[in-house]
Every structure is written in structure tokens, then in C-alpha cells.
Amino acid sequence: MIQRIWRLGRRGCELLEALGRSGQFLLQSAVGVPSREGWYLWLRQMHFVGVLSLAIVLVSGLFIGMVMALQGYTILVDFGAEQALGQMVALSLLRELAPVVAALLFAGRAGSALTAEIGLMKATEQLTSMEMIGVDPLRRVVAPRLWAGFVALPLLTIGFSVVGIYGGYLVGVEWLGVFEGSYWGNMQASVDFVGDVGNGMVKSLVFALVVTWIAVFQGYDLIPTSEGISRATTRTVVYSSLAVLGLDFVLTALMFGEFS
Amino acid sequence: MSDSPFVVVEGLSFSRGDKDIFSGIDLRVPRGKITAIMGPSGTGKTTLLKLIGGQLVPDAGRIWIDGHEVHALSRKALFVLRRRMGMLFQSGALFSDLSVYENVAFPLRVHTNLPGAMIRDVVLMKLQAVGLRGARDLMPAELSGGMARRVALARAIALDPELILYDEPFVGQDPISMGVLVQLIKRLNEALGLTAVVVSHDIKETLSIADYVYVIADGQVMAHGTPTTLDVDDDPRVSQFVHGEPDGPVPFHYPASDFFTDILDSGGRQ
């Protein structure tokens with residue numbers, strides 16, 4: 001019994017210690033004025049983290065928009081309300097699906113890659129040798145990746161929404177015959193720029209911060225063995241997904257709940 | 001000041017988990033000389049270099065480099081101090097996304113404002129010194145272990161540091177490269193007055209260039225002196241190590257129970 005309590009206490013202490021370490025890590029790497037080379041490194045990472053995630057995010061967005069239009073139509077048509085299809089697709093995407101699904105895909109595609117890359121650099125002593133050359137790896141390796149993630153995910157989320165709404169249009173209007181004017185008109189009338197688009201982007205920014213932070217910290221803090229890298233990569237995807245879904249509930253409650 | 005030792009280690013203790021790696025060792029690395037640190041495998045020689053470089057924090061004791069107490073410096077000041085040091089890692093630790101040329105150019109690009117043409121000249125000079133000027137366009141994955149370590153050496157000396165820490169510089173080198181490397185380390189020290197710390201198992205090569213030698217075992221400095229004094233040292237442990245004899249007071253085996261009892265008492269266990 002005592003052993004169990006002791007183990008629980010130790011786990012708690014380790015968790016707190018890791019949280020402290022990750023907070024310090026975020027401050028040391030993300031805060032600072034980038035040099036000219038820093039901008040170049042950031043652009044390079046924008047390519048790896050953002051541009052290379054475009055395909056998976058856009059294709060997923062298209063299919064999710066199409067499926068929503070199909071499902072929505074079959075329900076709305078029973079009530080003769082299929083004209084509200086555009087509104088339904090746009091609001092679901094902007095408020096919920098685009099920020100959440102894009103963040104989950106981003107964690108799987110870019111987050112795991114960031115963890116594995118930084119982890120392998122640690123395991124092969126590249127980070128240590130950089131330190132010995134007098135270059136801080138937090139500024140040179142971690143900071144560009146963090147900022148690339150912060151910027152790339154909200155942009156990917158915008159792409160996801162746009163393509164998803166277009167997917168809804170393809171299925172709803174082009175295939176199922178919903179009147180085009182009501183698809184776009186209802187959407188325009190019901191979507192509030194600040195309340196829906198703005199809140200969706202706030203969610204996306206929060207998810208970008210959390211997912212990228214988890215990914216780079218897991219890479220930097222892992223045990224430098226092949227097993228350590230594999231565990232950290234898994235942890236990145238699991239922790240980021242749980243954090244995104246949990247935070248989504250909290251943010252939704254704050255933004256759209258009764259007490260907002 | 002110029003006669004004072006470049007690196008001073010005082011009462012250094014360090015442990016990993018329950019295992020004590022060092023318990024109160026003292027070292028002095030004289031300025032402009034080559035100091036060798038030797039000892040059996042697993043005595044923490046690489047750990048000692050990492051402690052000197054400020055990558056690990058000791059449990060007790062202090063380390064000074066040119067009058068600066070390494071572990072009392074701020075993170076920023078430590079990075080500034082490291083610009084005056086070079087370290088050759090056992091694995092080479094080249095940046096895998098940069099070519100050989102770019103790896104050697106890296107310290108020059110980040111710490112100097114030299115024009116591209118001058119960086120090119122310096123990089124080619126350093127690569128020529130390690131015999132790999134022709135390999136400048138290769139990526140680290142295309143190099144053998146020995147070649148990677150020679151590139152890493154070129155990178156470590158790119159900024160002409162005042163102190164170089166060599167971690168097993170001779171491992172994996174063929175006899176020709178080995179001879180060249182031994183000469184190169186000696187020449188860097190004589191021509192530029194660099195202070196060098198060499199961690200190595202290769203007794204013959206290391207003793208041929210070292211000015212002073214520390215032998216470390218069981219977390220303590222077992223012996224120290226010039227190569228000549230160590231060669232005639234009476235201590236059987238030192239003599240066994242320096243002459244590479246299998247039988248002696250230093251065991252070859254990691255501590256274990258009796259071999260025959262272990263074999264007979266298998267019982268399906270490991």
C-alpha cells in the first residue's frame with residue numbers, strides 16, 4: 001500500500017518536473033528576435049511542416065465536406081430544409097471540423113516527423129555537437145520548427161475549410177441538385193465572421209501551439225535510443241490528439257456555451 | 001596568467017543513477033600542451049570531456065577553463081566560452097542534412113562574417129589537412145566511420161580554437177590515416193599552440209604525442225605523469241594498462257559471479 005502511494009507520488013513529481021521542463025523549454029526556444037538566417041531556417045521548416053502537409057489536409061477536407069453534404073442532405077430533405085445545406089456545412093467546418101481534424105492530421109503527419117527528426121539528431125549527438133560549436137540548438141533547431149508549426153497549422157485550417165465547403169458544394173449542388181443560390185446565400189447570411197471564422201481560427205492557433213510544442217519537446221527530451229525515439233513519436237501523436245480534443249471541448253464551451 | 005593551467009578540475013564527483021563514475025578527481029591541463037586521459041573502458045573518459053564542455057553538471061567539484069568556472073556561467077556565457085573550444089566526438093556527430101563542405105563551414109558561417117570566398121579557402125585548407133578535400137560534396141551518410149571522424153576533426157579546428165577535446169580520435173582509422181592524424185594533432189599543438197585533451201585507448205599513438213598523461217580507473221586518478229615516467233611506473237595496475245597485459249590487478253571481466261557456478265546453476269534463468 002505504502003509502495004503504491006510512494007509510486008503515485010513519484011509519478012506526480014515526475015509529471016510536474018516534465019511540465020516545468022517543457023515550459024522552460026518553450027520560453028527559451030520561442031521567445032527571441034530571429035536573425036536573418038533564422039528567417040531562412042523558418043521558411044525551410046514552413047516547407048517541411050506546412051507545404052508537405054498540404055496534400056493530406058486538403059484531400060481530407062474535400063472528402064469531409066463531401067460526406068457532410070451527403071449526410072446532411074439525407075436528413076434535411078425529410079424536413080424540406082435542404083436549402084440550409086450550405087449553412088450546415090460551413091458552420092460545422094468553420095467552428096469544429098476544420099480546426100480539430102486539421103490539427104489531428106497535422107499531429108500525425110508533421111508532429112511525429114518533428115519528434116523523430118529532433119530525436120534522431122539528439123541520438124546521433126548532433127545537438128550536443130552544435131552546443132559544443134557554441135550554437136544553441138534551442139534557437140537554431142527548435143525555434144524555427146516551433147514557429148513554422150504555429151503559422152502553418154492555422155493556414156492549413158483555412159485551406160481545409162475552403163476545400164471542405166467546395167466539396168459540400170460539389171455533392172449538394174452539382175450532384176444532389178440543391179439550388180446554388182440558396183447554398184451560398186444561406187451560408188453568407190448565417191456565418192458570422194468574428195463569431196464563427198474568428199473563433200475557429202482562435203481554436204486553430206491554440207491547437208497549433210499545443211501540437212507543435214508537444215512534438216518538439218518530446219523530440220528534445222527523449223531517451224536517445226531507437227526505442228526512446230519510437231516511444232516519443234507515439235507519445236506525440238497520442239498526447240497531441242488528446243490535448244486537441246480536450247481543449248476543443250473547453251474552447252467550445254467558452255466560445256459557444258451558455259455562459260459565453 | 002599564461003603559465004596557469006588552461007583547464008583545472010578540482011574535487012570532481014559525478015554519478016549516474018547509483019553508479020559513481022568519478023569520486024573526487026583533480027586534473028590540470030597545462031596551456032599549449034597535449035594532455036592524454038587514458039583508462040580502461042567504462043571509466044567515464046567521455047563523460048569527463050562532457051563535464052569539461054559543460055554539457056553535464058557534476059554532483060560536486062568545480063571545473064575552470066581559462067579562469068572561467070564552467071558550471072557557474074550563464075547559458076549565454078557558456079555558449080560564448082564554447083566558441084573558444086573544439087570537440088571531436090567519438091561518433092563524429094556530423095550534421096546529417098549538410099554536406100561535408102557545409103559541415104566544416106558551419107562554425108565559420110555562424111560565428112564569423114567572413115565573405116564566401118574566404119570561408120571556401122578555410123574549409124578547403126581544413127579538409128586538405130585531414131585528406132578529404134576531394135570528399136567535400138559527399139553527404140555524411142556516404143562516409144565511412146573513420147572518414148566521418150576526420151571531417152568532424154576538420155570542423156572542430158575550423159575556428160582555430162584554443163582548446164580541443166579529442167574523444168577517441170584514432171578509432172576506426174587505417175594505419176595511414178592514423179599516422180597522419182597523430183602528426184596533425186601534434187602539429188596543431190606545436191604550430192598554433194593549442195591546448196589539447198586526448199581521450200584514447202591507443203596507448204602507443206597517444207603516448208607518442210602526449211606531454212602529460214592521466215590514467216583514470218575506478219573513479220579515481222590512478223596515476224599521472226609524463227609518458228616516460230608512466231612507462232617505468234612501479235604500480236602493477238599502471239604497468240598492466242600501459243603495456244596492455246591481459247593478466248594483472250585490473251580485471252578484464254565486468255564484475256560477475258564465478259563462471260563455473262554460473263554455467264552449472266543455469267536453471268533456465270539468464
Side-chain angles (χ1 to χ4, degrees), chain A residues 10 14 21 24-45 47-49 52 113-114 116-145 148 219-221 223-226 229, chain B residues 46-47 49-56 65 70 73-98 103-113 140-141 145 148-149 151-159 161-167:
Chain A
R10 206 180 65 170
E14 280 172 4
R21 264 205 319 274
Q24 197 185 15
F25 166 86
L26 182 69
L27 275 183
Q28 281 179 339
S29 47
V31 180
V33 186
S35 60
R36 227 174 87 188
E37 207 192 358
W39 285 106
Y40 165 75
L41 291 170
W42 172 77
L43 265 182
R44 225 170 102 92
Q45 288 308 318
H47 172 76
F48 286 117
V49 170
L52 296 183
L114 285 177
E117 188 192 14
I118 296 179
L120 203 62
M121 286 176 88
K122 184 176 179 181
T124 51
E125 290 190 304
Q126 293 183 46
L127 297 181
T128 324
S129 71
M130 197 174 276
E131 282 183 358
M132 286 307 296
I133 292 172
V135 175
D136 189 348
L138 289 180
R139 304 287 320 146
R140 173 130 192 142
V141 175
V142 174
R145 284 166 175 78
Y220 196 77
D221 202 51
I223 301 163
T225 59
S226 41
I229 294 176
Chain B
T46 303
T47 309
L49 290 190
K50 288 189 172 171
L51 283 160
I52 294 176
Q55 285 163 349
L56 297 173
I65 295 180
V70 176
L73 293 174
S74 68
R75 192 176 163 83
K76 207 172 168 188
L78 182 61
F79 278 106
V80 173
L81 178 67
R82 281 178 181 154
R83 289 178 201 171
R84 298 168 57 196
M85 301 158 63
M87 181 160 174
L88 175 65
F89 285 83
Q90 208 167 339
S91 60
L94 296 175
F95 303 132
S96 48
D97 56 337
L98 300 179
N103 259 287
V104 182
F106 182 83
L108 298 161
R109 290 199 202 283
V110 291
H111 291 318
T112 69
N113 290 320
R149 220 168 1 262
V151 175
L153 176 58
R155 186 179 65 180
I157 59 175
L159 282 174
E162 295 163 57
L163 169 71
I164 304 197
L165 309 170
Y166 298 96
D167 191 359

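Below, read A as the first sequence line, B as the second, and so on, with proteins coming before strands; counting in each chain starts at 1. None of these values were measured; they are calculated from a predicted model.
- Looking at B:Arg109, neither its backbone nor its side chain comes within 4.5 Å of chain A, counting heavy atoms on both sides.
- Contacts of B:Lys50 with chain A are made by side-chain atoms alone, with heavy-atom separations under 4.5 Å and no backbone atom involved.
- With a 4.5 Å cut-off on side-chain heavy atoms, B:Leu88 and B:Leu165 do not count as touching.
- Taking the ring-ring contact (aromatic ring centres under 6.0 Å, His included) definition, one finds that A:Tyr220 meets it with A:Phe25, sequence neighbours left out.
- A donor-acceptor pair under 3.5 Å is formed between the side chain of A:Arg145 and the backbone N or O of A:Val141.
- For the pair A:Ser129 (side chain) and B:Ala93 (backbone), a donor-acceptor distance under 3.5 Å is present.
- The residue among B:Leu81, B:Leu159, B:Leu94 with the most heavy atom pairs within less than 4.5 Å of chain A is B:Leu94.
- Interface remark: B:Met85 contributes backbone and side-chain atoms alike to the contact with chain A (heavy atom separation under 4.5 Å).
- Contact tally against chain A (heavy-atom pairs below 4.5 Å) for B:Pro161, B:Gly86, B:Ala156, B:Ser96: the top residue is B:Ser96.
- Two residues are said to be in side-chain contact when any heavy atoms from C-beta on lie closer than 4.5 Å; B:His111 and A:Val135 meet this criterion.
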Quiz item: Is there a side-chain contact (heavy atoms from CB on, under 4.5 Å) between B:Arg75 and A:Leu138 once you walk through the steps?
Solution: CA-CA 11 Å; B:Arg75 192 176 163 83; A:Leu138 289 180; 3.2 Å; yes
Practice problem: Output, in order, the C-alpha distance, side-chain angles, deciding distance and verdict of side-chain contact (heavy atoms from CB on, under 4.5 Å) for B:Leu153 and B:Tyr166. | Solution: CA-CA 9 Å; B:Leu153 176 58; B:Tyr166 298 96; 3.4 Å; yes
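- For B:Arg155, the part lying under 4.5 angstrom from a heavy atom of chain A is the side chain only.
- B:Val110 is listed as a side-chain neighbour of A:Glu37, based on a closest heavy-atom distance under 4.5 Å.
- For residues 116-127 of chain A, a heavy-atom distance under 4.5 Å to chain B picks out A:Thr124, A:Glu125, A:Gln126, given by residue number.
- For the atom pair CG of B:Asn103 and CD1 of A:Ile133, the computed distance is 8.0 Å after rounding to the nearest 0.5 Å.
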